[in-house]
Amino acid sequence: MKSTRLIIALCFGVSFAHAAETSFNFDAAKPGSPPAGWLATQTGDGSAKWTVERESTAPSAPQVLKQSGNADFPVCLATNVSFADVTLEVKFNPVKGQDDQAAGLVWRAKDALNYYDVRANALEGNVRIYKFVDGKRTQFGGVKREVAVNRWHTLKLEAAGTTFKVWLNGEELFAAEDKTFTERGAVGLWTKADSETLFDDFKVLSR
């Protein structure tokens with residue numbers, strides 16, 4: 001599997017880096033391709049497919065970011081910014097998937113093989129947090145929780161030092177500790193296998 005290395009740069013300047021909150025709703029992006037400034041990639045084998053699409057049910061219509069390919073772990077990273085301590089939030093809809101129905105948030109990513117990920121899974125009925133080190137996934141927290149398929153949900157992650165807190169639909173679920181990645185890295189979105197998942201209103205709050 002070919003892995004694309006990231007060059008993390010604060011391309012939007014100091015004012016952007018110190019902004020209280022930045023939101024991506026994908027409405028200004030060109031449909032049919034990944035949004036500009038994002039790296040559409042994957043961890044492992046297969047073929048991920050990340051495209052901006054029109055979607056009337058989107059929380060902030062008319063467009064969403066959609067993953068409709070089939071890869072071990074599809075990943076889409078916002079390469080223009082990097083953070084260590086950060087709060088991430090996204091609205092997601094696990095539309096369908098025979099092997100999986102997942103949606104996740106990525107932070108402190110060095111590249112497509114090394115990052116943190118928290119994800120909700122409608123097929124398994126749980127929310128879990130992982131680290132990927134050289135492409136190998138290790139879980140270090142999680143809870144069982146129903147995640148309705150073909151419905152919009154909100155997933156939130158707060159990273160502060162080695163402590164990570166996770167919310168689903170406004171409910172704080174759990175906190176987990178890990179010290180593998182402590183430096184700044186890219187943030188982004190994630191799915192698994194053949195999950196057809198929609199994303200909207202991706203919010204990034206620097207800390």
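Basis for what follows: all heavy atoms, side chains included, without hydrogens, waters or symmetry-related copies. The structure presented is a predicted model; accordingly, all values stated were derived computationally and were not measured.
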Count the heavy atoms belonging to other residues, nucleotides or ligands that lie under 6.0 Å from [atom1] of [X], then report whether that count exceeds 12.
X    : atom1 : answer
Q98  : CD    : no
R137 : CZ    : yes
E177 : CD    : yes

Would a distance-only check, ignoring hydrogens and angles, find a side-chain to backbone donor-acceptor pair under 3.5 Å from [X] to [Y]?
X    : Y    : answer
E196 : G97  : no
W167 : L173 : no
T43  : A112 : yes
H153 : A148 : yes
S195 : A102 : yes
N93  : L198 : no
E21  : S23  : no

In the structure I gave you, are the side-chain heavy atoms of [X] and [Y] within less than 4.5 Å of one another anywhere?
X    : Y    : value
F92  : V64  : no
L105 : L155 : yes
R128 : N126 : yes
V81  : V187 : yes
T22  : F24  : yes
N150 : P94  : no

Can you tell me how far apart [atom1] ([X]) and [atom2] ([Y]) are? Round to the nearest 0.5 Å.
X    : Y    : atom1 : atom2 : answer
L65  : F202 : CG    : CZ    : 10.0 Å
S68  : K96  : OG    : NZ    : 9.5 Å
R184 : S206 : CZ    : OG    : 9.0 Å
C76  : F199 : SG    : CZ    : 9.0 Å
Q42  : D72  : CD    : CG    : 7.5 Å
N70  : S47  : CG    : OG    : 8.5 Å

[X] ring center near [Y] ring center (under 6.0 Å):
X    : Y    : answer
F181 : Y116 : yes
F26  : W38  : yes
F73  : F132 : yes

Distance-only side-chain donor-acceptor flag, D200 / S60, under 3.5 Å: yes
D100-N121 side chain donor-acceptor pair, cut-off 3.5 Å: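 N121 and D100 do have a side-chain donor-acceptor pair below 3.5 Å.
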State plainly whether one hydrophobic cluster holds both [X] and [Y], where clusters connect Ile, Leu, Val, Met, Phe, Trp and Tyr through side-chain heavy atoms under 4.5 angstrom apart.
X    : Y    : value
F174 : L88  : yes
W152 : V149 : no
F140 : L168 : yes

Any carboxylate oxygen within less than 4.0 angstrom of a Lys/Arg side-chain nitrogen, looking at [X] and [Y]?
X    : Y    : answer
R145 : E124 : no
E183 : R108 : no
K131 : D178 : yes

Test applied, side chain to side chain donor-acceptor pair (under 3.5 Å); reference residue, Y115; option that passes from W107, Y130, W190: W190
Distance-minimising heavy-atom pair for V52 and Q63: CG1-NE2, 3.3 Å
Distance-minimising heavy-atom pair for V204 and F83: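 That closest heavy-atom pairing would be CG1-CE1, 3.5 Å.
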